[in-house]
Asker: 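Just passing along the structure, written as structure tokens.
In listed order, ligands and their atoms are each counted from 1. The figures here come from the full heavy-atom set of this structure, side chains too, leaving out hydrogens, waters and symmetry mates. For clarity, every value in this text was computed on a predicted model and none was experimentally measured. Numbers for residues simply follow the sequence, beginning at 1.
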Amino acid sequence: MVAETRISADDLVAPLFVREGIDEPVPIDSLPGVVQHSQGSLRAEVERLAGLGVPGIILFGIPEHKDDEGSEAWNPDGVVQVALRNLRADLGDDVVLMADLCVDEYTSHGHCGIVGDDGRVDNDATLDLYAQAAVAQAAAGAHITAPSGMMDGQVFAIREALDEEEFVDVSILAYAAKYASSFYGPFRDAVDVTIADGGNRNGYQQDWRNAREAMEEIRFDLSEGADMIMVKPAVAYLDILTRARMEVDVPLAAYHVSGEYAMLKAAAQNGWIDGDVAAIETLTAIKRAGADFILTYLAGEVAERLKSGGAL
Ligand code: PBG
């Protein structure tokens, strides 16, 4: 009766992987229970999630061909664009279709942008790629595009491109406070990304020692036209979420990322924690800290348990 925070299926967004050129789903070892979907298995999974009351999904693509610029990210027949068209035809507006917007899954070097001769990512040259990818996603049926590359000025560039092409109703969920985190490891397995030459993303993602800087990133993104913002990862950054909640009144998302999910699953598989309870406890904590919705690989299983009355 006195519980202040309750998690429900409509707080959850399921991240889903779709891979080009496969007919059957492929399991991902470091993400137990998560797969790379074929176009067919993706459609069935989104149908299932909709039936469980999960209101949204976010798509990541694994293309057959990668190149220097990541051109499959804006190919109208690229893997995510095909998936968006299928899902929009299947479900209309019943499920919110979000598309992650970045090029790292599509580049041969694994960086989130164009790499210059000096080996560094060229922020401003990359904005053009993001603008093209946003338009391709919108044209294919995305309700929301979610830029995750952490280039300065990306939200403005995307908004401008969308408006020019008259996709004025497509919203932007900005990965505003995204840290250069070790917790993205299993995700990179899922999308077959290795950053070239032992590189990292410290040049564009945030330093985990900084909190005020995250607020500055959030303010920039809102001033550029973001409709919603995200903090990522979640569990190690609950303080950032709470600060963001106090600072802004737009919808606030948290991404419970691959490594956070994998740790929970690994401990549960060893019998070291009760995985079912830990999942609900974790998601409730993220909501309690201030998130309006949570991107999590737990979405399907938790929604299922909530439906059968099996959760707290
Ligand atoms: C970039 C992107 C990443 C994640 C979401 N979008 C990886 C990265 O920044 O290296 C990570 C998500 C997760 O770990 O679950 N396209």
Asker: Which protein residues have a heavy atom closer than 4.0 Å to any atom of ligand 1, listed by chain and number?
Answerer: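 Contacts of ligand 1 under 4.0 Å: F60, D100, C102, D104, E105, S148, K178, F183, Y184, F187, R188, R201, Q205, K232, Y255, V257, S258, Y297.
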
Asker: Does a donor on one side chain and an acceptor on the other come within less than 3.5 Å for S108 and D67?
Answerer: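 Judged by distance alone, the side chains do not pair up.
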
Asker: Is the cationic atom of K178 (NZ for Lys, CZ for Arg) positioned less than 6.0 Å from the six-membered ring centroid of Y184 and within 45 degrees of its normal?
Answerer: yes

Asker: Does the side chain of H111 come under 3.5 Å of the side chain of T107 through a donor N or O and an acceptor N or O?
Answerer: no

Asker: Answer yes if L238 and Y261 sit in the same cluster of Ile, Leu, Val, Met, Phe, Trp and Tyr residues linked by side chain heavy atoms under 4.5 Å apart, and no otherwise.
Answerer: yes

Asker: Aromatic contact between F183 and Y237, with the criterion being ring centroids under 6.0 Å apart: yes or no?
Answerer: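 Not close enough - the centres of the two rings lie 6.0 Å or further apart.
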
Asker: Among L52, L49, T296, which one satisfies side chain to side chain contact (heavy atoms under 4.5 Å, CB included) with L12?
Answerer: T296

